[in-house]
*Asks:* 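This is the structure, below, for whatever I ask next.
Computed from a predicted model, the values in this text were never measured in an experiment.
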Amino acid sequence: MADIADTALVHRASKRDAATVRAAPAPLATVNADAWRMLADRAIEPNGYYLPDWELAVDASARGRSNASVICAWRDARLTGLLPVISAWRAWKIPLPALVSADPYGTLCTPLLDRELAEPAALEIMSQARAAGAHALILRAAALDGPAMKAFREELRRDGLRPVLLQSHLRASLDATRDADELLQEALGAKKLKELRRQRNRLADHGAVHFDIARTPEDVASAVETFLQLEASGWKAQRGTALAQDPGDAAFIRRATVTLAAHGQCEIVTLRAADTPVAAGIVLRHRDRAFFFKLGVDERFAKFSPGVQLTLELTRHLCADPAIRFADSTAAPDHPMINPIWRGRLAIGDVLIPLRRHDPVVPLIRAALALRQAIREPARRAVRFLRQCRESRQEKSA
């Protein structure tokens, strides 16, 4: 674990702030959706997983992720900052006086901050967490080098505090401002691309191959059913992680994709051989960024690499879209399918934000989390290794 901000001291948190009467964060479902959308439009850093139509759908029914709370920052009736949160007990079953960013069913929890008031909004979010009785705010899966985290670092520095990096990793991303064919040539090389073209030609023996993009709510409502069927037909169903396997998860994704499509913030891409869907993926859009949520494939066509073929088409689609400049894979680090294709890397990490100077409780929180990780990590590494061995074989052929 390492500190991620400098040590300049500017001013202390006021005694009035430290003595604020505890006020529990409000339920997430009580946030005005229109005010939330306006904040999302002004956000200094996009996060498709904290868009209101996505997160409210998660909160309504997603398994283990519903009924979260929220910390909001306001300025003159204008929502300037928003962070869904849960307790440390709910997050990890550890009784720590900390609030933790809520899991939005996507691996990005960067708070939404108004680009004109990012630092005051970050300060208000920390003040609200402190008012709720928390000694620390823990941002899970936050973009470490983005402007939102910079705003928190700056406000902490003014109070003589420093955020602490609990863990970090790099994941695949795409510079969508580049020419797609040039990018794919650099990433995969002529030999691999030739092999993929051969596989696509063999797939075409089953019918003309075409790449479809569902954008309207009506088209997305139909395409999400195709996606759910594909995802539930493969190894994700064997692990019990396919969305269709849980009624709450299925209800969430149906609601989220359709409502986001109404605002131009969701696409579902499908690769077909004639009328047969062989792969489908859900893509969220927020400002100039795209977020590749999940992929489902028909494993009967595994020898033609349908997941890779879909990702190649998605790469071309995003690079050709002038509205999109960057795409986040939101995938696990070292993902065997997308890492070789999207060669950009995005730094993601869990960050502990202390809320008071010289607080003796913060080192205890940090130590408890470190002990938890030390106990769990060997078992997780073993499970992850076995799972990756199996999934690597499946996804490389997907």
Side-chain angles (χ1 to χ4, degrees), residues 13 16-45 47-92 95-106 108-114 117-142 148 151-152 155 248 251-252 255-256 259-260 286 351-356:
R16 179 177 58 82
D17 285 343
T20 301
V21 176
R22 292 189 182 186
L28 180 69
T30 64
V31 180
N32 180 279
D34 289 334
W36 192 342
R37 288 190 188 97
M38 287 189 285
L39 170 61
D41 289 343
R42 300 189 305 266
I44 194 172
E45 185 171 357
N47 182 354
Y49 297 117
Y50 277 166
L51 287 169
D53 293 309
W54 180 270
E55 182 61 359
L56 288 171
V58 170
D59 191 64
S61 67
R63 175 175 48 181
R65 296 170 173 87
S66 60
N67 300 316
S69 299
V70 67
I71 299 176
C72 292
W74 295 87
R75 174 71 65 90
D76 299 328
R78 170 177 167 179
L79 184 62
T80 60
L82 181 142
L83 176 65
V85 294
I86 57 176
S87 68
W89 176 257
R90 179 171 172 181
W92 301 303
L96 298 174
L99 288 172
V100 182
S101 56
D103 180 354
Y105 223 128
L108 188 65
C109 297
T110 302
L112 297 182
L113 303 178
D114 191 310
L117 296 163
E119 291 179 18
L123 178 61
E124 179 62 18
I125 285 173
M126 291 187 286
S127 297
Q128 293 291 331
R130 188 163 57 241
H135 289 250
L137 181 64
I138 299 170
L139 303 181
R140 299 186 289 184
F152 280 93
E155 286 302 326
F252 133 67
R255 170 181 165 179
T259 52
L260 282 168
H286 183 198
V351 180
L352 183 152
I353 295 176
L355 300 175
R356 297 170 177 82

*Asks:* Distance check, rounded to the nearest 0.5 Å: Leu260 atom CG versus Arg255 atom CZ?
*Replies:*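 If I round to the nearest 0.5 Å, the distance is 10.0 Å.
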
*Asks:* I would like to know whether Leu117 and Arg42 meet side-chain contact (heavy atoms from CB on, under 4.5 Å); could you show each step before the answer?
*Replies:* CA-CA 10 Å; Leu117 296 163; Arg42 300 189 305 266; over 6 Å; no

*Asks:* Which distance, rounded to the nearest 0.5 Å, do you find between the OH of Tyr50 and the OG of Ser101?
*Replies:*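 Between Tyr50 OH and Ser101 OG, I get 4.5 Å after rounding to 0.5 Å.
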
*Asks:* May I ask you to test the Leu139-Pro111 pair for a side-chain heavy-atom distance under 4.5 Å?
*Replies:* yes

*Asks:* For Leu113 and Leu39, which heavy atoms make the closest approach, and how far apart are they?
*Replies:* C-CD1, 4.0 Å

*Asks:* Taking the side chain as everything from C-beta on, heavy atoms only, tell me whether Thr80 gets closer than 4.5 Å to Pro120.
*Replies:* no

*Asks:* Once you round to the nearest 0.5 Å, how far does SG of Cys109 lie from CD1 of Ile138?
*Replies:* 12.0 Å

*Asks:* Can you see which heavy atom on Ile44 is nearest to which on Ala118, and at what distance?
*Replies:*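 Closest heavy-atom pair between Ile44 and Ala118: CD1-CB, 3.8 Å.
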
*Asks:* Taking it one step at a time, do Leu28 and Glu55 satisfy side-chain contact (heavy atoms from CB on, under 4.5 Å)?
*Replies:* CA-CA 9 Å; Leu28 180 69; Glu55 182 61 359; 3.5 Å; yes

*Asks:* Is there a side-chain contact between His286 and Leu112, using heavy atoms and a 4.5 Å cut-off?
*Replies:*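 Yes, at least one pair of side-chain atoms sits under 4.5 Å.
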
*Asks:* Using the side chain to side chain donor-acceptor pair (under 3.5 Å) rule, collect all pairs that involve residues 62-73, keeping only residues at least two apart or in two chains.
*Replies:*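 Qualifying pairs, neighbours excluded: Arg63-Asp249, Arg65-Asp103.
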
*Asks:* Before giving the answer on side-chain contact (heavy atoms from CB on, under 4.5 Å), spell out for Phe152 and Val351 the whole-Å C-alpha distance, their side-chain angles and the decisive distance to 0.1 Å.
*Replies:* CA-CA 11 Å; Phe152 280 93; Val351 180; over 6 Å; no

*Asks:* Have a look at Pro25 and tell me which of Leu99, Leu83, Ile86 forms a side-chain contact (heavy atoms from CB on, under 4.5 Å) with it.
*Replies:* Leu99

*Asks:* If you take all heavy atoms of Val70 and Pro27, which pair is closest and at what distance?
*Replies:* CG1-O, 3.9 Å

*Asks:* Can you name the residues that form a salt bridge (Lys or Arg N to Asp or Glu O under 4.0 Å) with Glu119, not counting sequence neighbours?
*Replies:* Arg158

*Asks:* Which value, rounded to the nearest 0.5 Å, describes the distance between Leu355 atom CG and Ile125 atom CD1?
*Replies:*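 The CD1 atom of Ile125 is 11.5 Å from CG of Leu355, to the nearest 0.5 Å.
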
*Asks:* Just how far is it from atom CG of Asp114 to atom CZ of Arg78, taken to the nearest 0.5 Å?
*Replies:*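 Here the interatomic distance stands at 4.0 Å.
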
*Asks:* Check whether Trp36 reaches the backbone of Leu79 with its side chain - one donor and one acceptor, N or O, closer than 3.5 Å.
*Replies:*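 Not confirmed, Trp36 side chain does not pair with Leu79 backbone.
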
*Asks:* What heavy-atom pair brings Leu56 and Ala29 nearest, and what distance separates the two atoms?
*Replies:* CD2-CA, 4.1 Å

*Asks:* Any side chain to side chain donor-acceptor pair (under 3.5 Å) pairs touching residues 23-34, not counting sequence neighbours?
*Replies:*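 Pairs touching residues 23-34 that pass the test: Asp34-Arg37.
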
*Asks:* Sequence neighbours left out, what passes salt bridge (Lys or Arg N to Asp or Glu O under 4.0 Å) with Arg75? Give chain and number order.
*Replies:*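 Arg75: no salt bridge (Lys or Arg N to Asp or Glu O under 4.0 Å) contacts found.
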
*Asks:* Provide the closest heavy-atom pair for Thr110 versus Ala148 in the form atom of the first, atom of the second, distance.
*Replies:*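 Closest heavy-atom pair between Thr110 and Ala148: CG2-CB, 3.6 Å.
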
*Asks:* Which residues pass the salt bridge (Lys or Arg N to Asp or Glu O under 4.0 Å) test with Arg140, sequence neighbours left out?
*Replies:*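 Arg140: no salt bridge (Lys or Arg N to Asp or Glu O under 4.0 Å) contacts found.
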
*Asks:* At their closest point, which heavy atom of Ser87 faces which heavy atom of Arg90, and how far apart are they?
*Replies:* OG-N, 3.0 Å

*Asks:* Counting distance only, does the side-chain N/O of Glu155 pair as donor-acceptor with the main-chain N or O of Ala122 below 3.5 Å?
*Replies:* no

*Asks:* Who pairs with Phe252 by ring pair (Phe, Tyr, Trp, His ring centres under 6.0 Å), at least two apart in sequence or on another chain?
*Replies:* Trp54, Tyr105

